[in-house]
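What follows is a set of notes on a single structure, which appears directly below.
Along the sequence shown, the residues carry numbers beginning at 1. Computed from a prediction, not measured in an experiment: that's the story for all the values here.
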Amino acid sequence: MTRLSIILLVLLVASGLWLVKTSYESRRLFVEIERAKAEQTQLAADAKRLDAERRTEATHLKVERTAREKLAMRLATPDMTVYVSDSRAASTPASAAGQGGQP
């Protein structure tokens, strides 16, 4: 009987150690999951904030102001506009129209 008692005692201690190890691992994984959830929440908030900033930066007025201030661009006025005509393109349709449609 003592041999059976010793075997059962060893199995009981081993089972207890296994339970402690499993509980520790479970707590560790739970903490890791909670940290991941907190990080996910933080990343989602950052994504929303960055999306709002992107939309703000892409407005027409913001782009126009940046073009004026940083690139020194200005609105085109009629006195600044230069029209360029291609003499070859202007003469080609006239000569083609004279030859064109009749067989």
Inset, instruction - Please round to the nearest 0.5 Å and tell me the distance separating atom CG of L11 and atom CD1 of I6. - result: 12.0 Å
Inset, instruction - Report the distance from atom OG1 of T22 to atom CG of L17, rounding to the nearest 0.5 Å. - result: 10.5 Å
Inset, instruction - For V63 and E57, work out which heavy atoms get closest and say how close. - result: CG2-O, 4.0 Å
Legend entry - Salt bridge flag under 4.0 Å for residues D51 and K48: no
Inset, instruction - Using a strict 4.0 Å threshold on nitrogen-to-oxygen distance, state whether E53 and R49 make a salt bridge. - result: yes
Legend entry - All pairs passing side chain to side chain donor-acceptor pair (under 3.5 Å) where residues 30-40 contributes a residue, at least two apart: R28-E32
Legend entry - M73 versus R68, closest heavy-atom pair with distance: O-CG, 3.4 Å
Inset, instruction - To the nearest 0.5 angstrom, please state how far the CG atom of L19 sits from the OG atom of S26. - result: 10.5 Å
Legend entry - Reported CG-to-CG distance for the pair L43 and L50, which is rounded to 0.5 angstrom: 10.5 Å
Inset, instruction - Return the minimal non-hydrogen interatomic distance between T77 and T81, and the atom names on each side. - result: O-OG1, 2.8 Å
